[in-house]
Protein chains: 2
Amino acid sequence: MPEEKKISMAVIRRLPRYFRYLHDLLKLDIKRISSRELSERMCITASQIRQDLNCFGGFGQQGYGYNVESLYNEISRILGVDKRFTCIIVGAGNMGTALANYENFKKRGFDIVAIFDVDPAKIGGKINGIDIYSMDTLEDFVKQHKVDIAMLTVPNRTITEVAEKVTSVGIKGIWNFSPHELRLGEDVVVENVHLSDSLMVLGYRLRSKGY
Amino acid sequence: MPEEKKISMAVIRRLPRYFRYLHDLLKLDIKRISSRELSERMCITASQIRQDLNCFGGFGQQGYGYNVESLYNEISRILGVDKRFTCIIVGAGNMGTALANYENFKKRGFDIVAIFDVDPAKIGGKINGIDIYSMDTLEDFVKQHKVDIAMLTVPNRTITEVAEKVTSVGIKGIWNFSPHELRLGEDVVVENVHLSDSLMVLGYRLRSKGY
DNA sequence: TAGATTGTTAATCGATTAACAATC
DNA sequence: TAGATTGTTAATCGATTAACAATC
């Protein structure tokens with residue numbers, strides 16, 4: 001990526017948040033915003049906003065602030081929402097079904113083109129218009145279609161095997177919904193959604209407040 | 001909470017991870033482990049493990065390491081997996097359905113006792129044996145049952161209203177699946193699951209590797 | 001006892017915040 | 001021009017890592 005030097009994960013994880021807030025400002029028909037105003041809305045410091053944005057370039061103007069539309073476009077470009085990713089879902093259970101039905105992903109550039117499962121009762125069916133195929137056909141499918149991301153919503157006991165299978169056929173991005181950590185090659189990018197971890201942290205925080 | 005002084009969020013968010021690894025070690029019938037061995041398994045430094053654990057007390061023994069079972073019990077107690085939380089799901093869509101069917105939550109102390117929705121076609125039905133009630137009856141329900149946590153899987157445009165409703169009836173814990181940030185009272189604990197943020201970060205990281 | 005490993009203090013590193021000169 | 005606000009450097013803060021005395 002020609003996106004300059006090394007951007008810290010802390011900054012990267014804030015990008016979608018900037019994107020959301022700018023999207024809202026656009027919809028509110030607000031034309032310009034200063035780092036101070038945005039900091040009040042987002043509950044972070046103006047300093048941090050200016051530091052974060054300057055990782056990618058000087059998008060503002062002294063004495064004026066930032067043009068909302070052009071900043072939104074810049075953040076969109078940085079996040080690559082114009083680029084498209086081809087995705088498959090592995091595991092047609094409840095979570096897989098929820099993901100397949102989630103319309104926002106397509107808007108953000110993520111196209112779900114197929115679902116895979118081992119259950120003969122599910123294979124051949126569709127979810128939200130997307131075909132469910134047998135796991136046995138995954139390799140052939142990936143040979144014929146470029147697949148960027150596998151969304152893994154399989155049972156915990158099969159996650160390691162499935163993750164190895166999808167990476168062995170060349171998929172580089174894994175969206176992992178199992179609690180297990182995946183140890184895969186250096187070239188594979190894994191994003192974890194650890195639901196029970198999140199819930200346990202909520203429980204801890206509630207108890208530490210005395211509830 | 002009598003859990004000593006101030007524990008940083010960074011440490012708290014690592015607790016479920018320790019919990020998982022210790023659970024696995026127990027199942028592997030491993031009796032003792034040193035911070036060095038655990039650090040290799042978890043891919044973090046032994047120093048960090050010792051620092052983290054010492055936020056809560058000295059669970060180890062010089063020259064020996066940590067007893068897996070007793071450390072597991074300590075972490076369980078800290079995370080409060082023995083304590084029970086009463087939860088409701090608001091929004092019986094695909095994500096709500098997925099959560100209602102997720103059996104692990106109960107094992108971790110989170111009991112889902114009711115689901116609420118506005119759709120007359122869904123009200124009166126059940127998901128995984130849990131009744132779906134009308135949103136109009138939420139207030140009465142919470143008056144009759146102590147509810148600790150509301151899991152919010154409602155459409156984005158209604159999230160603010162729903163979050164205000166559940167907090168106004170005294171629910172202190174919110175598990176928020178909408179992309180919106182909730183601005184609620186100081187006494188309310190919110191954990192966010194921002195799925196599209198996570199996916200966008202995955203996309204960013206893939207592109208920054210040149211895929 | 002000798003070896004191993006913790007608990008804990010000190011050093012380092014990185015991220016956040018403050019400050020301000022540059023400039024629109 | 002005067003006022004406002006950025007871009008950027010410096011200061012602070014917090015988290016991670018290293019080191020080692022204590023001790024099992």
Side-chain angles (χ1 to χ4, degrees), chain A residues 3-18 21-22 25 30-75 78 201 204-205 208, chain B residues 3-18 21-22 25 30-75 78 201 204-205 208:
Chain A
E3 217 62 86
E4 277 101 56
K5 59 226 95 182
K6 189 92 180 79
I7 311 289
S8 82
M9 258 301 187
V11 175
I12 293 167
R13 295 205 177 279
R14 279 194 292 269
L15 290 177
R17 194 149 178 266
Y18 289 121
Y21 272 85
L22 286 162
L25 288 173
I30 292 169
K31 302 295 182 198
R32 62 170 278 270
I33 194 149
S34 68
S35 57
R36 189 186 48 74
E37 285 175 290
L38 188 57
S39 81
E40 280 160 17
R41 283 172 182 272
M42 295 182 68
C43 299
I44 53 175
T45 63
S47 240
Q48 180 160 76
I49 292 173
R50 295 203 299 277
Q51 287 275 29
D52 284 355
L53 297 180
N54 273 89
C55 292
F56 303 98
F59 303 139
Q61 198 170 46
Q62 279 101 329
Y64 173 84
Y66 299 86
N67 177 285
V68 172
E69 192 179 346
S70 81
L71 185 55
Y72 174 75
N73 290 336
E74 290 290 353
I75 300 282
I78 292 163
V201 169
Y204 178 93
R205 292 172 62 201
S208 74
Chain B
E3 216 60 88
E4 278 102 53
K5 58 226 98 183
K6 189 91 182 77
I7 312 290
S8 82
M9 259 301 187
V11 175
I12 293 167
R13 295 206 177 278
R14 278 193 293 270
L15 290 176
R17 194 148 179 268
Y18 288 120
Y21 273 86
L22 286 162
L25 288 173
I30 293 169
K31 302 294 183 199
R32 63 169 278 269
I33 194 151
S34 66
S35 56
R36 190 186 47 75
E37 284 176 290
L38 189 56
S39 80
E40 280 159 17
R41 284 173 182 270
M42 295 183 68
C43 299
I44 53 175
T45 65
S47 241
Q48 181 160 75
I49 292 173
R50 294 202 300 277
Q51 287 276 26
D52 284 355
L53 296 179
N54 273 88
C55 292
F56 303 98
F59 303 139
Q61 198 170 46
Q62 280 100 328
Y64 173 83
Y66 299 86
N67 178 286
V68 173
E69 191 179 348
S70 80
L71 186 55
Y72 174 75
N73 289 337
E74 291 289 354
I75 300 281
I78 291 162
V201 169
Y204 178 92
R205 293 172 60 202
S208 75

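Order of the sequence lines fixes the chain letters, A, B, ..., with proteins taken first and strands second; residue numbering starts at 1 for each chain.
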Would you say A/T45 places a side-chain N or O within less than 4.0 Å of OP1 or OP2 belonging to C/dT16?
no
Whole angstroms only, please: what is the CD1-P distance between B/I44 and D/dA18?
13 Å
In dot-bracket, 5' to 3', how would DNA chain C read with Watson-Crick or G-U wobble pairs under 3.5 Å, [ ] for crossing ones and | for pairs to another strand?
..||||||||||||||||||||||
Of the nucleotides C/dC24, C/dT8, C/dT16, which one has an atom closest to the side chain of B/Q51?
C/dT8
Check whether any side-chain heavy atom of A/I7 lies under 4.5 Å from a side-chain heavy atom of A/F56, and answer yes or no.
yes
Interatomic distance where CD belongs to A/Q48 and C1' belongs to C/dT16 [whole Å]
6 Å
Look at the side-chain N and O atoms of A/S35 and state whether any lies under 4.0 Å from the OP1 or OP2 oxygen of D/dT5.
no
Taking only the side-chain nitrogens and oxygens of B/R50, find out if one of them lies under 4.0 Å from OP1 or OP2 of C/dT6.
yes
Least distance between heavy atoms, A/R17 atom then A/M42 atom:
NH2-O, 2.7 Å
Within the structure, does a side-chain N or O atom of B/Q61 lie under 4.0 Å from either OP1 or OP2 of D/dC24?
no
Take the protein atom CG of B/L71 and the nucleotide atom C1' of C/dG7, then report the distance between them rounded to whole Å.
14 Å
Name the nucleic acid region contacted by B/S47, choosing base, sugar-phosphate or nothing; use a 4.0 angstrom heavy-atom cut-off, strictly under.
base
Rounded to the Å, how far apart are B/R32 CZ and C/dA4 P?
11 Å
Taken to the nearest whole Å, CD/B/Q62 to C1'/D/dC24 is 6 Å
Are the charged groups of B/R41 and B/E37 less than 4.0 angstrom apart, N to O?
no
Separation of A/M9 atom CE from C/dA15 atom P, in whole Å?
12 Å
Does A/R14 put a side-chain nitrogen or oxygen below 4.0 Å from OP1 or OP2 of C/dA15?
no
Which residues pass the side chain to side chain contact (heavy atoms under 4.5 Å, CB included) test with B/Q51, not counting sequence neighbours?
none
Report yes if at least one side-chain N or O of A/Y66 is closer than 4.0 Å to OP1 or OP2 of D/dG7; otherwise report no.
yes
To the nearest angstrom, the CG-P distance between A/N54 and D/dT5 comes to 16 Å
Cation-pi between A/R32 and A/Y64: NZ/CZ under 6.0 Å from ring centre and within 45° of the ring axis?
yes
B/E40 atom CD: more than 12 heavy-atom contacts under 6.0 Å:
yes
Using the salt bridge (Lys or Arg N to Asp or Glu O under 4.0 Å) criterion, which residues pair with A/R13? Sequence neighbours excluded.
A/E191
Spacing of A/D52 atom CG relative to C/dG14 atom C1', expressed in whole Å
14 Å
